[in-house]
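Following: one structure in structure tokens, then a few remarks.
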Amino acid sequence: QVQPVESGGGVVQAGGSLRLSCAVSGGTFSSYGMAWFRQAPGKEREFVAAISRGGDRTSYLDSVKGRFTISRDNAKNTVYLQMNSLKPEDTAVYYCAATRFYSMNARTSSYDSWGQGTQVTVSA
């Protein structure tokens, strides 16, 4: 299994931007579908965005469409989440996840490798 490691979280004011990165080691990165999930206090972990192995297909949670962009660089074994026009309701721990067999899936159970998470806090 691969091992994802997230970075780039922080505190930002509403309307601001952050770029999350997820460096993946331990396997053939281009063989894995990748996704970002998030979990706010007291809530279940939810799907945010996914990208196919080759990077040609993406999908998003409705509430982040037009604000967030997922991308990947297979030469650098890294997936990104560019977050613009951030809102207080985007505050959560953001997790990077990898799946060998279920690319473009929104279910947490489809992903077999997870990072430790990075905190994103958006102040009003």
Side-chain angles (χ1 to χ4, degrees):
Q1 288 184 345
V2 295
Q3 180 58 53
V5 177
E6 305 94 337
S7 61
V11 179
V12 63
Q13 289 188 334
S17 298
L18 280 175
R19 188 196 197 199
L20 305 183
S21 298
C22 174
V24 178
S25 61
T28 305
F29 179 65
S30 59
S31 297
Y32 288 80
M34 300 297 299
W36 289 93
F37 288 77
R38 67 187 181 186
Q39 189 167 17
K43 295 187 177 181
E44 293 187 354
R45 192 169 299 189
E46 68 173 353
F47 169 81
V48 175
I51 189 166
S52 61
R53 296 175 181 85
D56 56 323
R57 292 178 296 143
T58 58
S59 65
Y60 296 93
L61 177 69
D62 283 347
S63 63
V64 308
K65 285 180 180 177
R67 300 189 298 121
F68 290 11
T69 302
I70 188 171
S71 61
R72 66 190 294 163
D73 185 337
N74 284 351
K76 296 183 177 180
N77 290 2
T78 302
V79 62
Y80 305 96
L81 185 67
Q82 178 66 44
M83 305 186 294
N84 299 328
S85 302
L86 283 161
K87 303 175 180 181
E89 51 263 43
D90 294 318
T91 295
V93 177
Y94 282 71
Y95 296 90
C96 176
T99 178
R100 182 70 178 85
F101 300 109
Y102 301 103
S103 185
M104 302 298 292
N105 200 292
R107 295 176 298 183
T108 56
S109 59
S110 297
Y111 293 82
D112 42 35
S113 297
W114 292 83
Q116 81 288 349
T118 186
Q119 176 71 47
V120 171
T121 302
V122 184
S123 61

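Using modelled atom types, one side-chain atom of Arg72 and one backbone atom of Ser52 make a donor-acceptor pair closer than 3.5 Å.
Sequence neighbours left out, not one pair with a member in residues 33-70 passes disulfide (SG to SG under 2.5 Å). Note on residues 11-59: pairs passing disulfide (SG to SG under 2.5 Å), not counting sequence neighbours, are Cys22-Cys96.
When all heavy atoms of Val122 and Thr91 are compared, the pair lying nearest together is N-OG1, 2.9 Å. Between Leu86 and Arg67 the shortest heavy-atom distance is CA-NH1, 3.9 Å. Of all non-hydrogen atoms in Ser21 and Thr78, the two that sit nearest each other are CB-CG2, 4.3 Å. In terms of heavy-atom proximity, Arg45 sits nearest to Trp114 at NH1-CE3, 3.3 Å. Between Tyr111 and Gly33, the shortest heavy-atom contact is CE2-O, 4.3 Å. Residues Val79 and Ile51 share a closest heavy-atom pair of CG2-CG2, 4.2 Å.
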Exercise for the section: Apply salt bridge (charged side-chain N to carboxylate O under 4.0 Å, His left out) to Lys87 and Asp90, showing your working. Expected result: CA-CA 5 Å; Lys87 303 175 180 181; Asp90 294 318; over 6 Å; no
Practice task
Using the side-chain contact (heavy atoms from CB on, under 4.5 Å) rule, take Thr99 and Asn105 through it: C-alpha gap first, then chi angles, then the decisive distance, then the call.
Solution key: CA-CA 9 Å; Thr99 178; Asn105 200 292; 5.9 Å; no
Practice task
Please report the C-alpha distance between Tyr94 and Glu6 in whole Å, then the side-chain angles of each, then the deciding distance to 0.1 Å, and finally whether the side-chain contact (heavy atoms from CB on, under 4.5 Å) criterion is met.
Solution key: CA-CA 8 Å; Tyr94 282 71; Glu6 305 94 337; over 6 Å; no
Practice task
Please report the C-alpha distance between Glu44 and Thr108 in whole Å, then the side-chain angles of each, then the deciding distance to 0.1 Å, and finally whether the side-chain contact (heavy atoms from CB on, under 4.5 Å) criterion is met.
Solution key: CA-CA 10 Å; Glu44 293 187 354; Thr108 56; over 6 Å; no
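Put simply, the side chain of Ser30 does not reach to within 4.5 Å of the side chain of Arg53, judged on heavy atoms. Residues Tyr32 and Val2 are in side-chain contact: their nearest non-hydrogen atoms beyond the backbone lie under 4.5 Å apart.
In this structure, the separation between OG1 on Thr118 and CG on Leu81 is 11.0 Å, given to the nearest 0.5 Å. Here Arg100 contributes atom CZ and Asp112 contributes atom CG; the two are 9.5 Å apart, rounded to the nearest 0.5 Å. To the nearest 0.5 angstrom, Phe47 atom CZ is 3.5 Å from Ser59 atom OG. Between the CZ atom in Arg38 and the NZ atom in Lys43 there is a gap of 8.5 Å [rounded to 0.5 Å]. Expressed to the nearest 0.5 Å, how far OG of Ser17 lies from CD of Gln82 amounts to 6.0 Å.
Residue Tyr60 places its OH atom among more than 12 non-hydrogen atoms of other residues, nucleotides or ligands, all under 6.0 Å distant. Dense packing is recorded around CD of Glu89, with more than 12 heavy atoms of other residues, nucleotides or ligands lying under 6.0 Å away.
A single hydrophobic cluster is seen to contain both Met34 and Phe68, as judged by linkage of ILVMFWY side chains at heavy-atom distances under 4.5 Å, directly or through other members. Hydrophobic cluster membership is shared by Met83 and Val64, with clusters built from Ile, Leu, Val, Met, Phe, Trp and Tyr side chains linked at under 4.5 angstrom. No continuous path of ILVMFWY side-chain contacts below 4.5 Å connects Phe37 to Leu61, so the two sit in separate hydrophobic clusters. Cluster annotation: Met104 is not connected to Tyr95 through the hydrophobic network of ILVMFWY side chains, with a link wherever side-chain heavy atoms come within less than 4.5 Å. Note on Val120 and Ile70: same hydrophobic cluster, where clusters join Ile, Leu, Val, Met, Phe, Trp and Tyr whose side-chain heavy atoms are under 4.5 Å apart, directly or indirectly.
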